[in-house]
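First comes the structure, then the notes that go with it.
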Amino acid sequence: MTAQKIKHNPRLFLKRAMDIQRRQLLLAMADAVSECRTAESMAAELNRDGETGLLRLAEIWCCLSPGTGGRVLEGRGAELLADVLAQVYACLVLRPLHTPAGMGLYVELLYMMEALMLGEWFD
């Protein structure tokens, strides 16, 4: 890569890093939705971390899809978590983020998916 190329595209490294982070996140989120559906079928209950995570995911979902009106969430904890997680996943598939703040959100979500997959959100 030449210095000239870097000079004309200073965000080249950010874009590459975001693409990699996004791919990792989407794979982890797909696994997490499946894990939540399994937990739902086993009648698992969300613990305090799970409830906090659900609220944060709902907040992220609202921020990723502004102007779509209010949302009504119904169901039990694991079911709600799977539904909200699927909605966040859909938003990220349809509208990838391309800013440094987007990178921060990708990292936060990846950390959340790791905790969820380790079972830290369920009793």
Side-chain angles (χ1 to χ4, degrees):
M1 179 173 301
T2 65
Q4 191 71 342
K5 237 182 184 177
I6 293 172
K7 182 178 178 184
H8 292 297
N9 192 356
R11 298 186 120 207
L12 179 70
F13 297 111
L14 176 63
K15 182 181 179 333
R16 285 184 183 170
M18 289 193 71
D19 289 343
I20 292 168
Q21 195 70 30
R22 181 174 176 267
R23 277 193 301 267
Q24 290 175 343
L25 174 61
L26 291 178
L27 288 171
M29 288 181 82
D31 289 343
V33 170
S34 177
E35 184 73 20
C36 289
R37 297 288 181 211
T38 301
E40 175 189 347
S41 69
M42 296 172 60
E45 294 291 327
L46 292 177
N47 61 23
R48 188 172 177 177
D49 288 344
E51 291 173 357
T52 303
L54 173 59
L55 291 174
R56 178 64 180 138
L57 285 169
E59 180 182 27
I60 290 168
W61 177 31
C62 290
C63 291
L64 289 175
S65 56
T68 57
R71 287 159 180 80
V72 176
L73 302 174
E74 295 179 350
R76 295 187 39 190
E79 178 185 5
L80 284 174
L81 181 58
D83 292 344
V84 171
L85 190 54
Q87 291 298 323
V88 171
Y89 178 89
C91 288
L92 294 175
V93 167
L94 295 174
R95 290 180 299 280
L97 305 173
H98 301 289
T99 63
M103 176 64 101
L105 183 61
Y106 286 165
V107 171
E108 177 185 4
L109 286 169
L110 193 57
Y111 175 78
M112 292 170 76
M113 297 308 103
E114 182 181 312
L116 196 156
M117 292 300 291
L118 289 173
E120 295 176 5
W121 289 16
F122 296 103
D123 281 332

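- Contact annotation: the side chain of M112 approaches that of W121 to within less than 4.5 Å [non-hydrogen atoms, C-beta and beyond].
- Tracing side-chain contacts under 4.5 Å through hydrophobic residues (I, L, V, M, F, W, Y), one never reaches L27 starting from Y106; they form parts of separate clusters.
- Rounded to the nearest 0.5 Å, atoms CD (E45) and CD (E51) are 9.0 Å apart.
- Between E108 and R56 there is a salt bridge, since at least one side-chain N of the basic residue sits less than 4.0 Å from a carboxylate O of the acidic one.
- Salt bridge annotation for D123-R48: absent, with no cationic side-chain nitrogen under 4.0 angstrom from a carboxylate oxygen.
- Considering all non-hydrogen atoms of both residues, L110 and L25 come closest at N-CD1, 3.5 Å.
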task = Give the C-alpha distance, both sets of side-chain angles, the deciding distance and a yes or no for side chain to side chain contact (heavy atoms under 4.5 Å, CB included) between W61 and L85.
result = CA-CA 8 Å; W61 177 31; L85 190 54; over 6 Å; no

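- With a 4.5 Å cut-off on side-chain heavy atoms, R95 and S65 count as touching.
- V107 and L57 end up in the same hydrophobic cluster when Ile, Leu, Val, Met, Phe, Trp and Tyr side chains are linked at under 4.5 Å.
- Note: R76 CZ to L81 CG = 12.5 Å, rounded to the nearest 0.5 Å.
- Under a hydrophobic-cluster definition in which Ile, Leu, Val, Met, Phe, Trp and Tyr are linked whenever side-chain heavy atoms come within less than 4.5 Å, directly or via other members, V84 and M117 are assigned to different clusters.
- No chain of hydrophobic side-chain contacts below 4.5 Å, direct or via other Ile, Leu, Val, Met, Phe, Trp or Tyr residues, connects M29 to Y111.
- With respect to R23 and D19, no salt bridge is recorded, no charged nitrogen being found less than 4.0 Å from a carboxylate O.
- Between N47 and F122 the shortest side-chain heavy-atom distance does not fall below 4.5 Å.
- Within the 3.5 Å criterion, the main-chain N or O of L92 finds a donor-acceptor partner in the side chain of R22.
- The structure places CG of L54 at 10.0 Å from CG of D83, a figure rounded to the nearest 0.5 Å.
- V33 and A86 make their closest contact through CG2-N, 4.0 Å (heavy atoms, listed as atom of the first residue, atom of the second, distance).
- For the atom pair Y89 OH and L94 CG, the distance stands at 10.0 Å (nearest 0.5 Å).
- Residue L46 comes nearest to A78 through the heavy atom pair CG-N, 4.2 Å, listed as atom of the first residue, atom of the second, then distance.
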